[in-house]
Each structure stands twice: as C-alpha cells, then as structure tokens.
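Take a look at the structure set out below.
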Amino acid sequence: MVDQEKIRKAVNLLLEGIGEDPGREGLADTPDRVARMYAEIFAGMDGDAGEPLSRVFSADNSEMVLEKDIVFYSMCEHHMMPFYGKVHIAYIPDGRVVGLSKLARTVEIYAGRLQLQERMTGQIADAVMEYLVPRGVMVAVEAEHMCMTMRGVKKPGSRTVSIAARGCFENNPGQQDRFFRMLRM
C-alpha cells in the first residue's frame, strides 16, 4: 500500500533539497499531486497476477496464442525514472486459455512496481506458467528507458529488448522462430 503522507513529506524535502520553496504558488499543491500520481503509478505493488490469470476457459486449442503490442509504463528502480514500451506474450495452451485482457492486466501488475525490465519479463512468463499452466510461454519486452535518454548517455530512441522462454519454448528454436515470425505479422 502506497503511503501518500510519507510521499508528500518526501516531495517537500526534495523541493527544498533542489533549492525550491515548497510554499510558493506553483508548488503548494505539488506534494499532494505527486502522492496521488505515485499511488496510481505503483498500483501494482499490491497486485497479484493470480487474480486475472485464474479466470480460464476450457479449450481444445493447442496452437500458439499471441497477444502483442501490450503498451506499458513502469519505473526503473535504479533512478526512479520511467521506462515504457511494449510486451508480447505467446503461450501454447494445454486445455485452458485465458481472456486476452487478462494478459494485459498481468503486465500492468508487474509494470506497476519499481522494476528492472529483465525481472519484469521473467515475472510475466513465470506468472503465466504458474497460473495458466500452458505447455510453454514466451515473453518479449521492448522498452525505452528515460535513464538512458534523458540523463547519462542521452541516447533517445534506443530500445532495450528482453526475452523469457519457459516450457516448450525454452529449448525449441522452431517455436521461438515461429514466435518472432508472428510478431512481424
């Protein structure tokens, strides 16, 4: 649970730390706005991926299901700056499928935390394997990190790609190739 009062106090200290007057007109409500914003951004802190992924349906389908271009926004734990991009999730059902919006909700849960892209990629794959129990899952995340584009090396447009493969995708180059071909469709 996000403690908005602590965030308000911290924002006041931050404003003072950078030489600002937290009481001036333009900043007077900033601590409250930031606290509300953080409650929204970090809504995934208390989220449980089991909740959306537990709503499954019986299906005879055993062909790959791909949900691609799931847009997400997250915060990097190293600099507390945003990173954002797209998540692509493919799984091969084993008698059960999940509503497609539930995959997007799973992404939102993990993105709504202080994160590392690589960790988030694995968490999504592991959650799908645990709760949906498919034959396999593959997750690819591509993102732009503001800590690389706005500060530091300042390379806007650079993207980081991370991949996690589980189950029948793990050691199967044919399935992995099929995943990447489907992404280009």
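Numbers here simply count residues along the sequence, with the first being 1.
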What distance do L103 atom CG and L53 atom CG have between them, rounded to the nearest 0.5 Å?
6.5 Å
Taking side chain to side chain contact (heavy atoms under 4.5 Å, CB included) as the definition, give me every residue that meets it alongside E63, ordered by chain and number, with sequence neighbours left out.
N61, R178
Could you check V139 against H88 for side chain to side chain contact (heavy atoms under 4.5 Å, CB included), going step by step and ending with a plain yes or no?
CA-CA 6 Å; V139 177; H88 316 289; over 6 Å; no
Quick one: side chain to side chain contact (heavy atoms under 4.5 Å, CB included) partners of T160, sequence neighbours excluded?
Q117, H145
Co-members of the apolar cluster containing M64 [side chain, <4.5 Å]:
L66, I92, M138, V161, I163, F169, F179, F180, M182, L183, M185
Please tell me whether M150 and V153 are part of a single hydrophobic cluster in this structure, the criterion being side-chain heavy atoms less than 4.5 Å apart.
no
Do you know the tightest heavy-atom contact between P156 and T149?
CA-CG2, 3.5 Å
Which residue, D3, D32, D29, forms the salt bridge (charged side-chain N to carboxylate O under 4.0 Å, His left out) with R8?
D32
For A49 against P52, the heavy-atom pair lying closest together:
O-CD, 3.3 Å
Same cluster for V34 and L27 if Ile/Leu/Val/Met/Phe/Trp/Tyr side chains link at under 4.5 Å?
yes
Holding to side chain to side chain contact (heavy atoms under 4.5 Å, CB included), I want the full list of residues that pass it with A39, two or more places apart in sequence or in another chain.
V2, Q4
Main-chain N/O of V98 paired to Y91 side chain as donor or acceptor, under 3.5 Å
yes
Would you say NZ of K68 has more than 12 non-hydrogen atoms from neighbouring residues, nucleotides or ligands within 6.0 angstrom?
yes
Those residues that, when tested against E144, pass salt bridge (Lys or Arg N to Asp or Glu O under 4.0 Å) (two or more places apart):
none
Could you give the distance from CD1 (I70) to CD1 (I124), rounded to the nearest 0.5 Å?
7.5 Å
Euclidean distance, E20 CD relative to L14 CG, rounded to 0.5 Å:
10.0 Å
Can you see which heavy atom on A35 is nearest to which on I7, and at what distance?
CA-CG2, 3.6 Å
The complete set of salt bridge (charged side-chain N to carboxylate O under 4.0 Å, His left out) pairs with one or both residues in residues 38-53, sequence neighbours excluded, reads E51-R55
Scan residues 111-128 for pairs that pass salt bridge (charged side-chain N to carboxylate O under 4.0 Å, His left out), counting only residues two or more places apart or in two chains.
E77-R119, D126-R166
Value for CG (D69) from CD (E67), rounded to nearest 0.5 Å, stands at 9.0 Å
L132, M129: one ILVMFWY side-chain cluster at the under-4.5 Å cut-off?
yes
Roughly how far, to the nearest 0.5 Å, is the CZ atom of F83 from the CD atom of Q115?
6.0 Å
Separation between OG of S74 and CE of M81, rounded to the nearest 0.5 Å:
13.5 Å
Determine, using the 4.5 Å side-chain heavy-atom cutoff (strictly less than), whether I41 and V11 are members of one ILVMFWY cluster.
yes
Can you pull out every salt bridge (charged side-chain N to carboxylate O under 4.0 Å, His left out) where at least one residue sits in residues 90-111? Sequence neighbours excluded, please.
D94-R135
Does anything in residues 98-133 pair up under ring pair (Phe, Tyr, Trp, His ring centres under 6.0 Å), and if so which pairs, sequence neighbours excluded?
none
Considering only Ile, Leu, Val, Met, Phe, Trp and Tyr, and joining two whenever side-chain heavy atoms are under 4.5 Å apart, list the other residues clustered with I109.
none
Salt bridge (charged side-chain N to carboxylate O under 4.0 Å, His left out) contacts in which one or both residues fall within residues 145-160, not counting sequence neighbours
E142-R159
Qualifying ring pair (Phe, Tyr, Trp, His ring centres under 6.0 Å) pairs, either residue in residues 29-52, two or more places apart:
Y38-F42
Heavy-atom count around E25 CD within 6.0 Å, excluding the residue itself: above 12?
no
Candidate list V137, T106, L100, V141, test side chain to side chain contact (heavy atoms under 4.5 Å, CB included), partner I89, passing option:
V137
Is the number of heavy atoms from other residues, nucleotides or ligands under 6.0 Å of M37 CE greater than 12?
yes
Applying a strict under-4.5 Å side-chain criterion to I, L, V, M, F, W and Y, I'd like to know whether M75 and F72 cluster together.
no
